[in-house]
Amino acid sequence: MANPKQNTDDNLLEVKNLKISFKTDEGIITAVDGIDFSVKRGQTLGIVGESGSGKSVSTWSIMRLLPKNSIIDKNSSIKFQRKSGKVVEMTKFKKNGRELRKIRGGEVALIFQEPMSSFSPVYTIGNQIMEAVLHHRDVTKKEAEEIAVDMLDRVGISNPRQRFKQYPYELSGGMRQRAMIAVALSMNPSLLIADEPTTSLDVTIQAQILELMNELQEDLGMSIIFITHNLGVIAQVADEINVMYLGKIVERGTTKDIIHEPKHPYTQALLKAIPRLDRIGERLTAIRGDIPSPLSRPTGCPFYTRCGKVIPGVCDVKMPESTHLSDTHTVYCFLHEEKDV
Amino acid sequence: MVKFLVQRTIGMIITMFFVSMMVFAIMELPPGDYAERWAFRKFSGTGAQITEADLDNIRANFGLDRPAPERYFKWISGIVLHGDFGEAFAFQTSVNNVIGQKIWLTLAILFFTLVVTYLVSIPVGIYAAVRRNSIEDYALTAFSYLGFALPNFLLALVLLYVSITVFDSSVGGLFSPEYADAPWSIDKAKDLLSHLVIPAIILAWSATAFQLQTVRATMLDELNTLSVTAARARGVPEWKLLLKYPARLAINPVVSTMSFDANRIFSELPIVALVLGLPELGELLLKSYLDLDMFVAGAILLILTFMIVFMNFLSDIFLAILDPRVKLIEG
Ligand SMILES: Nc1ncnc2c1ncn2[C@@H]1O[C@H](COP(=O)(O)OP(=O)(O)O)[C@@H](O)[C@H]1O
Ligand code: SF4
Ligand SMILES: [Mg+2]
């Protein structure tokens, strides 16, 4: 393309060495500890990990939505390619500044786990979609209303004109999540961050929403970062998967790599923890132990306190380096590093 | 909304009906009646012998011989149908004449005080929450605690002193001497307003301090809700989203306690009125109650309670406008 500063691989988003800490009463908490990830155009990156592993913090930081007590390390870089083709460094923007506000919603949109609390209860669904549309598109109120109703229809909400006038509490959970998706997509973003969008929904509705998101991505050609703690869910939507544990990425690969050839003991444990039709009868094993508090991060491999294959004297001393198993598949674990040597 | 309004209006009327019966019961409560008091005043020291029959005559004159329910209906229908609060025996004129002017002035003080309270506490509380833990926030908190701590009469005396010595103007009373008996005019209204400022500041201070802390606390909660982050993630400018989302909900607790504020102001008014020499109803209420001049006492009680009930009604309506869920729960 025209711009010489074009990101490699036609990446829409490139995050390098992202490190995020929080100032708290108990001291500095490092929630994300130097991770790299990138999102390709039109593709879906899945980020998976138990709750507290830093999935939300690392992705919200792209839009600079973290609270005041957060610190993004000065060596971190978040490069995003705008619709104009210009590549911008998101960490350099002034807090809530103008260009940032153009990108928020208009180019990167966010949907949350809790569709109930992410809508304001005192305004209608229509009001909140219109607000989004009017902020990012040069249209009249009448046109914005048409766009909103169209979008509600498109995400599979029946009687969109009537729903438009309703309040969030008048919709069911699944409907609300559809409406949330409608708000995000009505702004026509090039990247959609979906932070556990199906976690609070029951299984049938969950499947419907996943299907909807796949469909919309095909139609609109946007990129998606899909966050979940359930590998079973992510296998249905993601092209690539990053597995996160305690603020680190411990394994990354294509969906096939991760689901069929998981190499990291943590990924393997996550896979054993999901129910699968072809393994009915096998016991589900929850991962033993608890995630250590981010206040007392273990030295060495972050997973060693819970790992069944821990190598004493090695894993608890230093952090494993990356091991490239193939062009697409990377793991951070001494088990594989040794084979490499 | 129409259904909600009708419901609330009917509710208010029913409440007022019960309130009026209670007020009437309170009027009946003290031993003795005005007939005895009247006879005592008129004949004590004259050596005249008053018989039960004489008293009955006096009662019949005042209409006090009728049974209580009948007197209640006569009283309440006079008020509802003709706005006539009955006769002020001790003043030998109608209750309306005795309390008319004072009621309006009391309501003016109340209204003005409430306006000052909300004009200050709402925006300042929102600001303090947005700038939490800043120097401004701490200063405002300190200032509002001063409002809790200082007794009103002290504040009244200080302001009285300052205004006389520094500004060389009298804040006592509600009118300057040249307007006191003048007919109503724009200038007289301006004069009234300028005299209302000091009492309103005194009376509003503690209510403002209280509501400021309420707004600040609610606003802090609301600022942390996901819907605010969601709006920010849609690129809505900061000041706009603060006003549209958290601020709107932060004024809910203020709106729902409007009648408490009115109540507080009524009960703090007499002492402030005493210091500043304002005409006010509390003293008259006490005096007429002691004199058994029941229609005066009843009128004052009824009007004050009606104001509170009406404020309650207003806050219900405002709440329903601010938060559509209210109608759902109750409608
Ligand atoms: N506002 C905050 N203040 C302090 N620590 C925080 C804050 N938000 C998140 N964290 C820390 O960051 C860690 C990662 O959080 P998060 O990204 O929400 O996890 P996930 O989304 O993977 O469940 C948490 O364990 C928590 O300790
Ligand atoms: S590095 Fe060691 S502790 Fe960490 S996952 Fe691999 S084997 Fe387990
Ligand atoms: Mg999360």
Side-chain angles (χ1 to χ4, degrees), chain A residues 56 59-60 62-69 94-124 127-137 165-170 179-180 183-187 189 192-193 195, chain B residues 1 4 126 128-137 215 218-256 315-331:
Chain A
S56 299
T59 45
W60 290 27
I62 298 168
M63 298 171 80
R64 300 286 303 281
L65 285 173
L66 297 178
K68 276 192 193 136
N69 65 333
K94 202 174 115 241
K95 191 170 166 282
N96 303 329
R98 243 187 120 251
E99 190 171 3
L100 184 56
R101 279 191 281 109
K102 282 258 171 261
I103 295 176
R104 283 179 180 169
E107 305 201 23
V108 185
L110 180 57
I111 57 177
F112 305 86
Q113 174 177 349
E114 292 291 339
M116 186 62 194
S117 41
S118 45
F119 276 115
S120 163
V122 296
Y123 295 96
T124 58
N127 177 305
Q128 295 177 68
I129 304 188
M130 292 258 292
E131 176 190 68
V133 175
L134 287 171
H135 259 289
H136 294 289
R137 295 196 186 182
K165 295 193 206 98
Q166 288 185 324
Y167 289 94
Y169 58 78
E170 296 177 276
M180 202 68 222
V183 175
L185 298 189
S186 66
M187 299 178 282
L192 176 68
I193 300 174
D195 191 350
Chain B
M1 195 67 199
F4 182 79
I126 289 170
V130 174
R131 304 293 315 268
R132 71 178 163 287
N133 300 338
S134 66
I135 296 181
E136 299 99 293
D137 182 24
V215 172
T218 323
M219 184 75 184
L220 278 182
D221 285 348
E222 290 297 330
L223 276 176
N224 286 326
T225 54
L226 201 52
S227 56
V228 173
T229 307
R232 200 172 283 137
R234 297 197 286 269
V236 182
E238 200 63 15
W239 61 269
K240 203 170 173 185
L241 77 88
L242 289 180
L243 290 185
K244 181 173 174 184
Y245 296 101
R248 172 163 169 168
L249 288 164
I251 52 184
N252 270 4
V254 173
V255 168
S256 55
S315 65
D316 279 353
I317 307 277
F318 286 150
L319 267 187
I321 294 170
L322 283 174
D323 190 340
R325 287 170 298 180
V326 171
K327 273 176 288 180
L328 185 82
I329 297 162
E330 314 201 351

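Note that these values count all heavy atoms, side chains included, but never hydrogens, waters or copies made by symmetry. Chain A is the first sequence line, chain B the second, and so forth, proteins listed ahead of strands; every chain is numbered from 1.
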J.: Let's test your reading of the structure: which of B:Arg232, B:Glu222, B:Glu238, B:Lys240 forms the most heavy-atom pairs below 4.5 Å with chain A?
T.: B:Arg232
J.: Between the side chain of A:Arg104 and the main-chain N/O of A:Met63, is any donor-acceptor distance below 3.5 Å?
T.: yes
J.: Which bit of B:Pro246 comes within less than 4.5 Å of chain A, counting heavy atoms only: side chain, backbone, both or neither?
T.: neither
J.: Does the ring center of B:Tyr245 lie less than 6.0 Å from the ring center of A:Tyr123?
T.: yes
J.: Please look at A:Lys68 and chain B and tell me whether the side chain, the backbone, both or neither of the residue comes under 4.5 angstrom of a heavy atom of that chain.
T.: side chain
J.: Given that the side chain runs from C-beta out, which part of A:Glu131 has a heavy atom under 4.5 Å from chain B: side chain, backbone, both or neither?
T.: side chain
J.: Measure distances from B:Leu322 to the heavy atoms of chain A and classify the residue's part below 4.5 Å as side chain, backbone, both or neither.
T.: backbone
J.: Using non-hydrogen atoms and a 4.5 Å limit, figure out which bit of A:Tyr167 sits close to chain B: side chain, backbone, both or neither.
T.: side chain
J.: Of all of A:Pro189, A:Ser117, A:Pro67, which one pairs up most often with chain B through heavy atoms under 4.5 Å apart?
T.: A:Ser117
J.: Counting only heavy atoms closer than 4.5 Å, note whether A:Val108 contacts chain B via side chain, backbone, both or neither.
T.: backbone
J.: Please look at B:Thr229 and chain A and tell me whether the side chain, the backbone, both or neither of the residue comes under 4.5 angstrom of a heavy atom of that chain.
T.: both
J.: Report yes or no: does B:Arg234 contribute a side-chain atom to a donor-acceptor pair with the main-chain N or O of A:Ala109 at less than 3.5 Å?
T.: no
J.: To the nearest 0.5 Å, tell me how far A:Ser118 OG sits from A:Met180 CE.
T.: 4.0 Å
J.: If you round to the nearest 0.5 Å, how far is OG of A:Ser56 from CG of A:Leu66?
T.: 9.5 Å
J.: OG of B:Ser256 to CG of B:Asp316: how many Å apart, nearest 0.5 Å?
T.: 9.0 Å
J.: Tell me, side chain or backbone of A:Asn127 under 4.5 Å from chain B's heavy atoms, or both, or neither?
T.: both
J.: Give a yes or no answer on whether the side chain of B:Glu136 reaches the backbone of B:Arg131 with a donor-acceptor pair at less than 3.5 Å.
T.: no
